[in-house]
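Letters A, B, ... mirror the listed sequences (proteins, then strands); counts begin at 1.
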Amino acid sequence: MEFKIASWNVNSIRARLSLVLEFLKERNPDVLCIQETKVEDKLFPKEEFEELGYKVAFKGEKRFNGIATISKHPITIEPLEFEGEKNQKRTLITKINGITIINLYFPNGQTPESEHFKYKIEFIYKLKDFLLKHYTNEKNLIILGDFNVAKEEIDVYDKDAMEGKIGFHPKEREALNELYEFGFVDLFRKFSKEKAFSWWDYRAGNFWKNIGLRIDYIWSTPELAQKCKECFIDRTYRKKKKPSDHAPVVAVFELEG
DNA sequence: ATGGTTGCCAAGCAA
């Protein structure tokens, strides 16, 4: 069977509801992992997704952060929670079709000098420890979401302009690559060596100038990666009216059964 | 790019 999974930082699920529903109708993914829902659980618009035949799992708070995983297939919410996010709602671990899917919204970090940055670096290293403790790369595991770090030079519009800046600071890249060493495959890079971005600042028309970063990822364990037939960034939804500043990333697998 | 935009929620913070 074909299994299509997408990741999208929507920058408020309520502000983006009609665009997200449009995406679901047009692209028809089996699973969509959403970041930055920016809504507490009692106000999450779950009925709108259920009407399209999706099941919904979400974890949010007022104003900031928040993630949601929606799926056409049954969702099991893993009792295991990641402690490294402290009390912020940034991670949601589910199992769908026998695949563990970890939906992640990494801290932004603000500036390399700030306390937020320390929290970001800690978050990444603690996440690696957490994965090593509870999972192995032999299992069917996907981690995906807004990682808020560009992994390589090719993932930024201008490596000199970005040097030492938030999202491309050596300490974040080191942490991210350390996380990658768990044994993941960056599915977008499995198919493309081209420069491509998943986020463009709202300001100064950066999208139209293609000044962006690739900070949204779908990473899977190797065996699953072999079954991945396609992975791309869907820029269509960054061009629309009232877009998120991120575009969805989509991966398509061919699974047995 | 030493500016610029968006969202939440009604000022200022986070991104």
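With a 4.5 Å cut-off on side-chain heavy atoms, A/Ile233 and A/Phe197 do not count as touching.
The side-chain contact (heavy atoms from CB on, under 4.5 Å) test applied to A/Pro243 returns A/Arg238, not counting sequence neighbours. Not a single ring-ring contact (aromatic ring centres under 6.0 Å, His included) links A/Phe168 to another residue, sequence neighbours left out. Not counting sequence neighbours, the partners of A/His134 by the ring-ring contact (aromatic ring centres under 6.0 Å, His included) test are A/Phe130. With sequence neighbours left out, A/Tyr105 forms a ring-ring contact (aromatic ring centres under 6.0 Å, His included) with no residue at all.
When each of A/Tyr202, A/Tyr237, A/Trp200 is checked for a ring-ring contact (aromatic ring centres under 6.0 Å, His included) with A/Phe207, only A/Trp200 meets the rule.
In this entry the distance linking CD1 of A/Ile166 with P of B/dT2 reads 17 Å, nearest Å. Residue A/Ile215 contributes atom CD1, which lies 12 Å from atom P of B/dA15 at whole-angstrom precision. Between A/Lys242 atom NZ and B/dT6 atom P there is a gap of 9 Å when expressed in whole angstrom units. As rounded to whole Å, 11 Å separates atom P of B/dC8 from atom CG of A/Leu43. Going from atom CG of A/Asp245 over to atom P of B/dA15 covers 12 Å, rounded to whole Å. Atom-to-atom, NE2 of A/His246 to P of B/dG7 comes out at 13 Å; the value is rounded to the nearest Å. Rounded to an integer number of Å, the gap from CG of A/Asn9 to P of B/dA15 is 11 Å.
Between B/dG3 and B/dA15, the distance separating the two C1' atoms is 16 Å to the nearest Å. Comparing the same atom, C1', in B/dT2 and in B/dG7 gives a spacing of 24 Å after rounding to whole Å. On the C1' atoms, B/dG12 is 24 Å away from B/dA1, given to the nearest whole Å. Using atom P as the reference point in both B/dA14 and B/dC9, the two lie 15 Å apart (nearest Å). Comparing B/dT6 with B/dA10, their C1' atoms sit 15 Å apart, to the nearest whole Å.
Positionally, the nearest nucleotide of DNA chain B for A/Tyr157 lies more toward the 5' end than for the other of A/Gln88 and A/Tyr157.
For B/dC9, the OP1/OP2 oxygens have a side-chain nitrogen or oxygen of A/Arg14 closer than 4.0 Å.
A side-chain hydrogen bond (donor to acceptor under 3.5 Å, both in side chains) check over residues 149-162 of chain A, counting only residues at least two apart or in different chains, returns the pairs A/Lys151-A/Asn177, A/Asp155-A/Arg189, A/Asp155-A/Arg214. Applying the side-chain hydrogen bond (donor to acceptor under 3.5 Å, both in side chains) test to pairs two or more places apart or on separate chains, those with a residue in residues 218-233 of chain A are A/Lys227-A/Glu256.
Residue contacts for A/Lys209: at a heavy-atom cut-off of 4.0 Å it reaches a base atom on one of the strands shown.
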Atom pairs under 3.5 Å: protein N/O with N/O of nucleotides 10-14 of chain B:
{"residue": "B/dG12", "atom": "N2", "partner": "A/Arg63", "partner atom": "NH2", "Å": "2.2"}

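A heavy-atom distance below 4.0 Å to DNA chain B is reached by these residues of residues 195-207 of chain A, ordered by number: A/Tyr202, A/Arg203, A/Ala204, A/Asn206.
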Scan the side chains in residues 44-54 of chain A for donor-acceptor partners under 3.5 Å anywhere in the protein, sequence neighbours excluded, and list what turns up.
{"residue": "A/Tyr54", "atom": "OH", "partner": "A/Pro29", "partner atom": "O", "Å": "2.6"}

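The distance from the NZ atom of A/Lys59 to the OG1 atom of A/Thr69 is 10.0 Å, given to the nearest 0.5 Å.
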